[in-house]
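What follows is a single structure, written as structure tokens, with notes after it.
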Amino acid sequence: MKRARGLSMEHRRGLAGLVFVLPWLIGFSIFFIRPLVVSLTYSLQAFSAVSLSFVPLKDGVFANYINLFTQDTKFLPYLTQTMQTLMYQAPLVVCFSVIVGLMLKSNFRGRTFMRGIFFLPVIVTTGIVSSIFKASVLNVAQGPADAGSFFNPTLILAAMQNAGIPNSINQVISGIITNSADAVWLSGIQILIILAGVMNIPSSYYEVAGVEGGSAWVVFWKVTLPLLKPYLLVVAIYTIVDSFTSTTNVTMKYLIETVYGNYNISYGSAMFWVYFVIVFAIIGFLFLLFTRQNRKEKRMLKGGY
């Protein structure tokens, strides 16, 4: 009967889904695709202050991209610093989100209040408030050794240097300590995602694990963590994008200064595209890594090995 009316139930669902995302597709095409294409054309040209228009580059269409890696003395160091910050900030945020998400699932007095407390930084630390807070933490972290503070790594780093630990490792430890506050203040959305994933795990899985005599540690690694992998992927991607697009990292500051401070739109557009490709490559690699791991686990479950 339904097929006689013209469309099957599957086609109707697909059409309903298309209608649902149609406003998003229109907005994406107007407000994202068009500026993306325009910025690409800007990066291949030069802006003329005389004619107030874009003209061909004298050294070729890719001159801006070549200059980024051959003549610019700031871009690569800033990009390296941003990547180093991401290397220890992203794991901190993901691990902290998992720990807090599991804690907030437990039934205890004041659970709703605590959930609001961990989400509060998302609302409070926006814009200038976030910059002031991070600057205050950084000043404390780089203060004298006698300024007692949880964020002060001076004494720890001095002890590590006296023990002969390489300076590169000391810098990583210093970055982790000084950015521990960021792990708390940047984890609001991620905690909600992990909490949603934990709440969606059927309680029967834990009951079976308890009957089998599995400890809490074994249950976490064999039940909770595998079922949280799709949510961990979302959390990791969100954290990477949030870190790279933050106006507080040095690369974004340099990009904004180039475009809006020096009015070098062409060079800033080239810088944006290089930055965009790097971020996209990192996210793509992470997605492929999770996908490959899921396929491997499915083959193991089916007896493929």
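We use all heavy atoms of the structure for the numbers below, so side chains are in, but hydrogens, waters and symmetry mates are not. The model shown is predicted, which means the values in this text are computed figures rather than measured ones. One is the number of the first residue; the rest follow in order along the sequence.
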>> Counting neighbours of CE on Met252 that are heavy atoms of other residues, nucleotides or ligands and sit closer than 6.0 Å, is the number greater than 12?
In response: yes
> Distance-only, no hydrogens or angles: does the Ser266 side chain make a donor-acceptor pair with backbone N or O of Tyr42 under 3.5 Å?
Replying inline: yes
> How close do Ser269 and Ser39 get, heavy atom to heavy atom, and via which atoms?
Replying inline: CB-O, 3.3 Å
>> Could you report the tightest heavy-atom contact between Ile30 and Arg34, atom names first, then the distance?
In response: O-CB, 3.6 Å
>> Hydrophobic clustering (ILVMFWY, side-chain heavy atoms < 4.5 Å, transitive) - are Leu289 and Val98 grouped together?
In response: no
> Is the shortest heavy-atom distance from the side chain of Leu44 to the side chain of Trp273 under 4.5 Å?
Replying inline: no
> Would Leu286 and Ile282 satisfy side-chain contact (heavy atoms from CB on, under 4.5 Å), going step by step from the backbone distance to the final call?
Replying inline: CA-CA 6 Å; Leu286 187 65; Ile282 294 175; 5.6 Å; no
>> I'd like to know if the side chain of Ser246 reaches the main chain of Ser243, judged simply by a donor and an acceptor atom lying under 3.5 Å from each other, with no hydrogens or angles considered.
In response: no
> Do the ring planes of Phe32 and Phe28 sit parallel (below 30°), tilted (30 to 60°) or perpendicular (above 60°)?
Replying inline: parallel
> What's the shortest heavy-atom distance between Asn64 and Gln45, and which atoms?
Replying inline: ND2-O, 3.3 Å
> Any side-chain heavy atom of Leu232 within less than 4.5 Å of one from Leu225?
Replying inline: yes
> Cluster question for you: counting only ILVMFWY and a side-chain heavy-atom cut-off of under 4.5 Å, with indirect links fine, are Leu102 and Ile99 together?
Replying inline: no
> How far does CG of Leu36 sit from OG of Ser29, to the nearest 0.5 angstrom?
Replying inline: 11.5 Å
> When clusters are formed by joining ILVMFWY residues with side-chain heavy atoms under 4.5 Å apart, either directly or through shared neighbours, do Val234 and Trp24 land in the same one?
Replying inline: yes
> Roughly how far, to the nearest 0.5 Å, is CG of Asn200 from CG of Leu195?
Replying inline: 9.5 Å
>> To the nearest 0.5 Å, what is the distance between OH on Tyr231 and CD1 on Ile201?
In response: 8.0 Å
>> When you compare the side chain of Ile283 with that of Val279, does any pair of heavy atoms fall below 4.5 Å?
In response: yes
> If you round to the nearest 0.5 Å, how far is CZ of Phe244 from CZ of Phe280?
Replying inline: 14.0 Å
> Could you walk me through whether Thr82 and Leu86 pass the side-chain contact (heavy atoms from CB on, under 4.5 Å) check?
Replying inline: CA-CA 6 Å; Thr82 302; Leu86 176 69; 5.8 Å; no
> Does some side-chain heavy atom of Val94 sit less than 4.5 Å from a side-chain heavy atom of Gln190?
Replying inline: no
> What's the spacing between Thr85 OG1 and Asn249 CG if we round to 0.5 Å?
Replying inline: 7.5 Å
> Take atom CZ in Phe69; do more than 12 heavy atoms of anything else shown fall under 6.0 Å from it?
Replying inline: yes
>> Testing the basics here: between Val223 and Ala209, what is the closest heavy-atom pair and its distance to 0.1 Å?
In response: CG2-CB, 4.5 Å
> Just how far is it from atom CD1 of Ile237 to atom CG of Asp242, taken to the nearest 0.5 Å?
Replying inline: 13.5 Å
> Linking I/L/V/M/F/W/Y whenever any side-chain heavy atoms sit under 4.5 Å apart, do Leu76 and Leu68 land together?
Replying inline: yes
>> Under a plain distance cut-off of 3.5 Å, with no hydrogens placed, do Thr224 and Tyr205 share a side-chain donor-acceptor pair?
In response: no
>> Quick one: does any side-chain atom of Thr258 pair with a main-chain N or O of Asn264 as donor and acceptor, under 3.5 Å?
In response: no
> What do the steps show when you test Asp72 against Tyr254 for side-chain contact (heavy atoms from CB on, under 4.5 Å), and what is the final call?
Replying inline: CA-CA 11 Å; Asp72 197 326; Tyr254 182 49; 2.8 Å; yes
>> Is the shortest side-chain heavy-atom distance between Val259 and Phe272 below 4.5 Å?
In response: no
>> With heavy-atom distances below 4.5 Å as the criterion, would you say the side chains of Phe220 and Leu228 are in contact?
In response: no
>> Test of understanding: clusters of I, L, V, M, F, W, Y form through side-chain heavy atoms closer than 4.5 Å, transitively. Do Phe276 and Tyr78 belong to the same one?
In response: yes
